[in-house]
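Let me begin by presenting the structure, written as structure tokens, before commenting on it.
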Amino acid sequence: SGSGGNNGTLASAVAWGYDARKLVTLGLDGINNYAVSASGVNLAGDVSLIYVNKCKNTQASALVTHTMALARVDATNYLKLLHATGSNGSQFIASGASTARTLTHTTVPVIDDYRIYICTLTAAGNAAFYVNGTSVDTDTGVGAISGAAGIVYIGASNVPDEYNLDKPIL
């Protein structure tokens with residue numbers, strides 16, 4: 001973000017690396033690594049959250065939810081993509097003005113599979129969740145997200161028990 005480049009943070013020695021196919025990856029250890037943007041991300045209006053990763057854990061027996069990405073203004077205005085306990089898959093949660101909807105994909109990922117997640121929210125409150133190009137869930141009635149400055153987290157929501165084990169491809 002900003003003119004001239006990257007002014008976010010890589011927390012706790014997160015490392016940029018290349019996998020066997022020479023794709024840029026963000027190496028998260030699942031213990032305490034995450035990346036966070038600078039404040040100022042605008043989430044108002046039509047917005048999409050796109051996340052591509054190499055699955056390193058199926059999360060099928062996870063005791064806690066693991067956050068892949070969180071774009072957040074405050075506790076009632078956010079977009080969140082996560083591996084969810086109870087659904088044995090992934091969820092996209094869209095919340096605006098305290099009105100949230102949870103969209104769910106119940107297929108457990110395969111270790112080392114690549115997944116492309118596309119999460120969209122329109123200004124009219126229509127949410128859609130796509131996994132590998134297929135629409136897996138939709139919902140309506142999400143409130144409008146505040147135009148205040150937001151922050152994006154990759155690999156966690158800044159809460160230690162939610163750290164993600166996957167390797168995002170950025």
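The residues of the chain are indexed from 1 along the displayed sequence.
- Here the closest non-hydrogen pair linking C119 and L81 is SG-CD1, 4.0 Å.
- Taking CZ of F92 as the reference point, atom CG of L79 lies at 5.0 Å (rounded to 0.5 Å).
- Atoms CD1 and CG, from I118 and L49 in turn, are 10.0 Å apart once rounded to the nearest 0.5 Å.
- The OH atom of Y130 sits 11.5 Å away from atom CD1 of I50, with the distance rounded to the nearest 0.5 Å.
- A123 and D46 get closest at one heavy-atom pair: N-OD1, 2.7 Å.
- D137 contributes atom CG, which lies 6.0 Å from atom OG1 of T104 (distance to the nearest 0.5 angstrom).
- Counting all heavy atoms, side chain and backbone alike, R101 lies closest to G141 at NH2-O, 3.8 Å.
- Ring pair Y117/Y51 is tilted by interplanar angle, where 30° to 60° counts as tilted.
- Without hydrogens or angle criteria, S98 side chain to T76 main chain gives no donor-acceptor distance under 3.5 Å.
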Exercise. Between H105 and Q91, is a side-chain contact (heavy atoms from CB on, under 4.5 Å) present by the stated rule, with each step listed?
Worked result: CA-CA 6 Å; H105 178 242; Q91 291 182 334; over 6 Å; no
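- Taking the side chain as every heavy atom from C-beta outward, S95 and K80 never approach each other to under 4.5 Å.
- Using a 4.5 Å heavy-atom cutoff, the side chains of Y78 and I93 are in contact.
- The side-chain contact (heavy atoms from CB on, under 4.5 Å) test with I145 is passed by exactly one of L43, D74, N42: L43.
- Of all the heavy atoms in V142 and L121, the pair that sits closest is CB-CD1, 3.7 Å.
- Closest approach of R115 to T107, counting heavy atoms only: NH2-O, 3.4 Å.
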Problem set entry | Step-by-step side chain to side chain donor-acceptor pair (under 3.5 Å) determination, T134 to N132 | CA-CA 6 Å; T134 301; N132 292 341; over 6 Å; no
Exercise. Given N126 and D139, is the side-chain contact (heavy atoms from CB on, under 4.5 Å) satisfied, shown in steps?
Worked result: CA-CA 6 Å; N126 300 314; D139 209 335; over 6 Å; no
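- For T138 against S135, the heavy-atom pair with the smallest separation is CG2-OG, 4.0 Å.
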